[in-house]
Protein chains: 2
Amino acid sequence: MSKASDRAYDAIRGMILSGELSSGDPLREEALAQACGVSRTPIREALRQLEVDLLVRRTESQRSYVADWSLDDVADAFELRAMLEGHAARRAAERITDDIVDELKHYNKAIFAAISKPRPDVPTFLDRNREFHALVLDTAGSPRLKNLLTALIEQPVVWRTAHNYDPTAFQNSHSEHADLISAFERRDGPWAESIMAGHIRRAFHAYCDAHKGMGALKKGAA
Amino acid sequence: MSKASDRAYDAIRGMILSGELSSGDPLREEALAQACGVSRTPIREALRQLEVDLLVRRTESQRSYVADWSLDDVADAFELRAMLEGHAARRAAERITDDIVDELKHYNKAIFAAISKPRPDVPTFLDRNREFHALVLDTAGSPRLKNLLTALIEQPVVWRTAHNYDPTAFQNSHSEHADLISAFERRDGPWAESIMAGHIRRAFHAYCDAHKGMGALKKGAA
DNA sequence: CTTCTGCTAATTGTATACAATAAAGCGAAC
DNA sequence: GTTCGCTTTATTGTATACAATTAGCAGAAG
């Protein structure tokens, strides 16, 4: 996407993720255009993309609203991620080269450094973690799988949960990555698959723990 | 999508599937607009959708081209379908009601009727088959899964292959649906999953047989 | 009191003009 | 002869005006 569309996309996405907009809020093109300082054309493009991301839902009459993510939806998303990323890990194990393994080790070292500080560096953790998973996905060598997963991976759920990780969860994440790398070194697809699936499922349970009693994702603002 | 966008989408999609446009052909908005009798705006929307469908690819400089589907890509798509539709079948088996089972039986009966004629009624087969799979997918009750699969399910591969089915393949398809219904009646998720996965894989092999020696999807026209 | 109908206002869809950007072709310098 | 850079041209991005559609509401009929 190009400049204005990107600005619009990031802006709207930010408003949704930050809770400035709540579930079910209507998204009117004209209003968003003013808010983002662009015309309706790039807004329309951004909304289409956000719809693919499932952050925005459209009614049959083409009106757009902020999507609502119930706990079931979140579970659903994590389940699919577990399956698809597990599959990706298996394929990656069958195709990986030593160079890629080294690169993964490098990312995981950076993750370790970020979470070993007295006060964990969450943004760095998130970035390296993202890169780690992206590299696995690339190594899987399936453009379609990549397409499906990217729509699933960068979603509010993932985004919000990490801030609530406790130190143990960080450690678990890091050591699961290490296990995954071991599976890759042995080119053991099934092992890689099961580690990855478990890795995602653990993230889901971390999410559940973090959101216990706080009404899931309802009402982000206020 | 609305009228003009739809027309554009169908028209371009048709041009690609029929082979009127070949892999790698550039898609220029202005030219398509004229060809479809609409302005560039709906064309742009259609192209974005076709890109999601993976029928169109865009370069970094935002130019659009007809995507090329190598045999590997086709295999890739079928593998993902097998996994995801298998998953959907398992979920469906855990959630299905007797009414839905009856409806599936009804579709499968219609399929049987269509393929039992002296000269099989392929369009009807395709329609009922589509409805059968769509109902399973709905019953799975995962909007995200549905989202992912619809992007995968209506693709050139599926579309073209059925025309080359031999009578045996039609029969197999019908009897696998019957098996699936049995699994649903017993609410046996794992069974349903494996039948569905096999069902899709068989379709892939039917595709391979039909395209043996005819250079996969290269050069559809001429 | 409810429901249907028609009007009004709000919102999205489409077309088109113009701006920005990337590709292609040409020419000069080395 | 090749390569670098400029100019030209083709193509996409953005803004805006207008058309079409939809929702919301008021008012009359039952």
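Just so it is clear: chains get the letters A, B, ... in the order the sequence lines come, proteins before strands, and each one is counted from 1. The model shown is predicted, which means the values in this text are computed figures rather than measured ones.
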Measuring to OP1 and OP2 of dA15(D), would you say a side-chain N or O of Ser39(A) lies under 4.0 angstrom away? yes
For Thr41(A) and for Glu60(A), locate the closest nucleotide of DNA chain D by heavy-atom distance; then report the residue assigned to the nucleotide nearer the 5' terminus. Thr41(A)
Would you mind reading off the distance between Lys3(A) atom NZ and dA22(C) atom C1', rounded to a whole angstrom? 15 Å
Please report the distance, rounded to the nearest Å, between CZ in Arg58(A) and P in dT12(C). 9 Å
Test side chain to side chain contact (heavy atoms under 4.5 Å, CB included) applied to Glu29(A) and Arg63(A), step by step: CA-CA 9 Å; Glu29(A) 297 176 354; Arg63(A) 283 169 163 70; over 6 Å; no
Does Arg48(B) put a side-chain nitrogen or oxygen below 4.0 Å from OP1 or OP2 of dG13(D)? yes
Nearest whole Å is fine: how far is dG13(D) P from Arg7(A) CZ? 15 Å
Between Asp127(A) and Thr124(A), is any side-chain donor less than 3.5 angstrom from a side-chain acceptor? no
Ser61(B) has a side chain; which of dA15(C), dT12(D), dA23(C) sits nearest to it? dA23(C)
Base, sugar-phosphate, or nothing for Leu27(B), non-hydrogen atoms under 4.0 angstrom? sugar-phosphate
Distance check needed: dT16(C) C1' versus Gln34(B) CD, whole Å only. 14 Å
Between His133(B) and His177(B), how do the two ring planes meet: parallel, tilted or perpendicular, split at 30° and 60°? perpendicular
For Glu30(B) and dC18(C), what is the distance between atoms CD and P respectively, to the nearest whole Å? 15 Å
How close or far is atom P of dT12(C) from atom CD of Glu45(A), stated in whole angstroms? 16 Å
Starting at the 5' end of DNA chain D and moving along, which residue's nearest nucleotide shows up first, Ala4(A) or Thr59(A)? Ala4(A)
Given dT22(D), dA17(D), dA15(D), which nucleotide is nearest the side-chain atoms of Arg63(A)? dT22(D)
Heavy atoms from C-beta onward define the side chain here; which of dT14(D), dT12(C), dT14(C) lies closest to that of Gln62(A)? dT12(C)
Roughly, in whole Å, what's the span from CD in Glu51(B) to P in dT12(D)? 13 Å
Does the structure place the NZ or CZ of Arg57(A) under 6.0 Å from the centre of the six-membered ring of Trp69(A), at an angle of no more than 45° from the ring's axis? no
If you only use heavy atoms from C-beta on, which nucleotide in dT11(C), dT12(C), dT12(D) is closest to the side chain of Arg44(A)? dT12(C)
Of the options dG13(C), dT14(D), dA15(C), whose atoms approach the side-chain atoms of Val38(B) most closely? dA15(C)
Using the side-chain heavy atoms of Glu29(B), tell me which of these nucleotides is nearest: dT22(D), dT12(C), dT12(D). dT12(D)
Between dT14(C), dG13(C), dA17(C), spot the one nearest the side chain of Arg40(B), thanks. dA17(C)
For Leu47(A) and dT11(C), give me the distance from atom CG to atom P, rounded to whole Å. 14 Å
CZ of Arg95(A): more than 12 outside heavy atoms within 6.0 angstrom? yes
